Amino acid sequence: MTEIEAKDVVKIVLQFLKESELTSTFESLQKESGVTLNTVDDADEFLGRIKEGKWDQVLLEVASLDLPVTKVQALHELVVLELIELREVETARSLLRQSEPLSLLRSENEDKYIELEKACSRTVVDVKQLYGGMSRQKRRNMVAKMLKGEVRSVPPSRLMVLIGQAIKWQQQEGLLPSSAALDVFSGAIPTTVDEEDAFPANKDIAISFGSKSYPECVAFLPDGSGFVTGSYDGFVEVWDSLTGALKQDLEYQKNEKFMMHETAVLSVAVSPDGVLLATGDKTGTVKVWKMSSGKCLKSFEAAHSDGITSLSFSEERNKVLSSSFDGKVRIHGIKSGKMLKEFRGHESFVQAARFSKDEDSVLSASVDCTIARWDVLSGDCTKRFQLPNEKPAIDVRYCSETEILATSSGAAFLMSTDGALIHKYEIKKTIDDGGPIVACAISNHGEYVYTITEAGTLTCFEYKTGKLLQSLKTGIKRAIGLALHPRKNLLACYSQEGVVQLFRD
């Protein structure tokens, strides 16, 4: 069992107090506990500012952090040296004599302090000598690396998120009811359990969107209580997965005030805790919504220059990963509203992108018939390989740390992360009328792989062997995709005919 340290609990409470602007209480708790909130909004951006020499911002942030004295001194020393290089000698001398870290340096290492004083007095500056035999940029990188392990970013509202996650986990385990108003101190007898994998081949509820619209994308909520659709007419709606009706526990939907885009919504994603929703449209706009209120928290108006083909959240829901018809994959910071990383190199549309479990890498699938793996930190492509059938890739996802499932219009492939083929999931021409595969999913316990073709044939393959176990002609025409319930054997298949058709086992 994981042990929780008391100081970590204090830090979470400190964050809540700071975000709630309870300044006096925050300062009192920090003083009484001896625990400081040693965090920045985004650690990567903080280190990036050091590498870019944005010292006004950096020094302001460092002033509120509890860092080792020697590392703070190294940072201040670099700022002084850069001011000297710019011939801002008086400012450099003022920082040297008045900043607390460098005043402490004077008493601890007088020789180094005197060298800095001498550097301020030189009329001619030898840049290489100034930075100790290295370039300015290398010195910045060295200081950034030195501070990397000292600062970290924490997602906002950790206290509320943890309480929310605890409630959701108890709901998922059946320890709390999922729809009634809750007293968080009360409990209930478990009423549900996860189902064993079984092919959902029985038609259930069908939701019709009418003749003028159709669902472009579907994603289930993490607790399985409903699913989200994004439509051709720009509507974003949340449905009850049991009844097929719009969820009425969302007040905005009850009042017919829906989340919307001005154009077709091509992709949706729900954060792992179910708190946030991301939607992307055909113009390249990405919006992030608060699920409970339907309020748009952030709008990335030019997330891409063309339609958004896929979206996914980071585990801590502070970043959104997107792919697009513009051939690029990008990571966006939800709090900053900025693009944090771009991965480019595909020669055509990118149909899907996924984070690895540790979020150190990203997989992308492209119409150029390749799968690419990208390093999140550097942005470099570390591996790129072609699908075995040399056809356009339409989806890709991690199955484990060493295996991925890649989908093309002709088949699905279980492959190693280095591109070696393990199994092939292919529909024989005698089964279907030749329509291409449009979507693929893995059953919740990893026993089966499900695919659906444009002509509406739903298939079930054995994951471990690639053997076709069952196929079903659903009668769905012009199918677009499918989504799997996170806990039950329930598939949502959707089509350009304007229907979401549910299938149960």
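Just the heavy atoms: all of them, side chains too, but no hydrogens, waters or symmetry mates, feed the values below. This one's a predicted model, so the numbers in the text were calculated from it and none came from an experiment.
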Any luck finding a side-chain donor-acceptor pair between [X] and [Y] under 3.5 Å?
X      : Y      : value
Glu301 : Ser299 : yes
Glu403 : Tyr463 : yes
Ser366 : Ser348 : no
Tyr398 : Thr417 : no

Any chance you could measure [X], atom [atom1], to [Y], atom [atom2], to the nearest 0.5 Å?
X      : Y      : atom1 : atom2 : result
Glu216 : Lys282 : CD    : NZ    : 9.0 Å
Ile308 : Ser324 : CD1   : OG    : 5.0 Å
Ile334 : Leu276 : CD1   : CG    : 5.5 Å

Going by an N to O cut-off under 4.0 Å, is there a salt bridge joining [X] and [Y]?
X      : Y      : result
Glu85  : Arg136 : yes
Arg158 : Glu316 : no
Lys247 : Glu237 : no

Side chains of [X] and [Y], heavy atoms from C-beta outward: is any pair under 4.5 Å?
X      : Y      : value
Arg49  : Glu61  : yes
Cys217 : Val265 : yes
Ser135 : Lys138 : yes
Val238 : Phe227 : no

Under the 3.5 angstrom rule, does the side chain of [X] hit a backbone N or O of [Y] as a donor-acceptor pair?
X      : Y      : value
Thr402 : Ser416 : no
Arg354 : Arg397 : no
Asp281 : Thr283 : yes
His445 : Glu447 : no
Ser20  : Leu17  : no
Asn444 : Lys488 : yes

With sequence neighbours excluded, residues passing salt bridge (charged side-chain N to carboxylate O under 4.0 Å, His left out) with Glu342:
Arg330, Arg344
Residues that [X] engages under side chain to side chain contact (heavy atoms under 4.5 Å, CB included), provided they are two or more places apart:
X      : result
Lys338 : Ser336
Glu251 : Lys254, Asn255
Ser292 : Lys290
Glu90  : Arg93

Greater than 12 external heavy atoms within 6.0 Å of Asp418's CG
yes
Taking only residues two or more places apart in sequence, or in another chain, which ones meet [X] in a side-chain hydrogen bond (donor to acceptor under 3.5 Å, both in side chains)?
X      : result
Ser408 : Asn389
Lys335 : Asp41
Thr407 : none
Lys464 : none

What orientation do His304 and His332 show, parallel under 30°, tilted 30 to 60°, or perpendicular over 60°?
perpendicular
Can you tell me how the ring of Trp374 sits relative to the ring of His346, calling it parallel under 30°, perpendicular over 60° and tilted otherwise?
perpendicular
Just list the side-chain donor-acceptor pairs under 3.5 Å for residues 68-75, sequence neighbours left out, or say none.
unit_1 : atom_1 : unit_2 : atom_2 : d
Lys71  : NZ     : Met146 : O      : 3.4
Lys71  : NZ     : Glu150 : OE2    : 2.7
Gln73  : NE2    : Pro101 : O      : 3.0
Gln73  : NE2    : Glu108 : OE1    : 3.4

Minimal non-hydrogen separation, Phe220 against Pro486, with atom names:
CB-CD, 3.8 Å
Looking only at non-hydrogen atoms, find the nearest pair between Gly481 and Ala439 and report the distance.
CA-CB, 3.5 Å
Strictly by ring-ring contact (aromatic ring centres under 6.0 Å, His included), give each pair with a member in residues 258-296 just once, sequence neighbours left out.
Phe235-Phe258
Under 3.5 Å donor-acceptor pairs involving side-chain atoms of residues 119-127, not counting sequence neighbours:
unit_1 : atom_1 : unit_2 : atom_2 : d
Ser121 : OG     : Glu117 : O      : 3.3
Asp126 : OD1    : Lys128 : N      : 3.2
Asp126 : OD1    : Gln129 : N      : 3.2

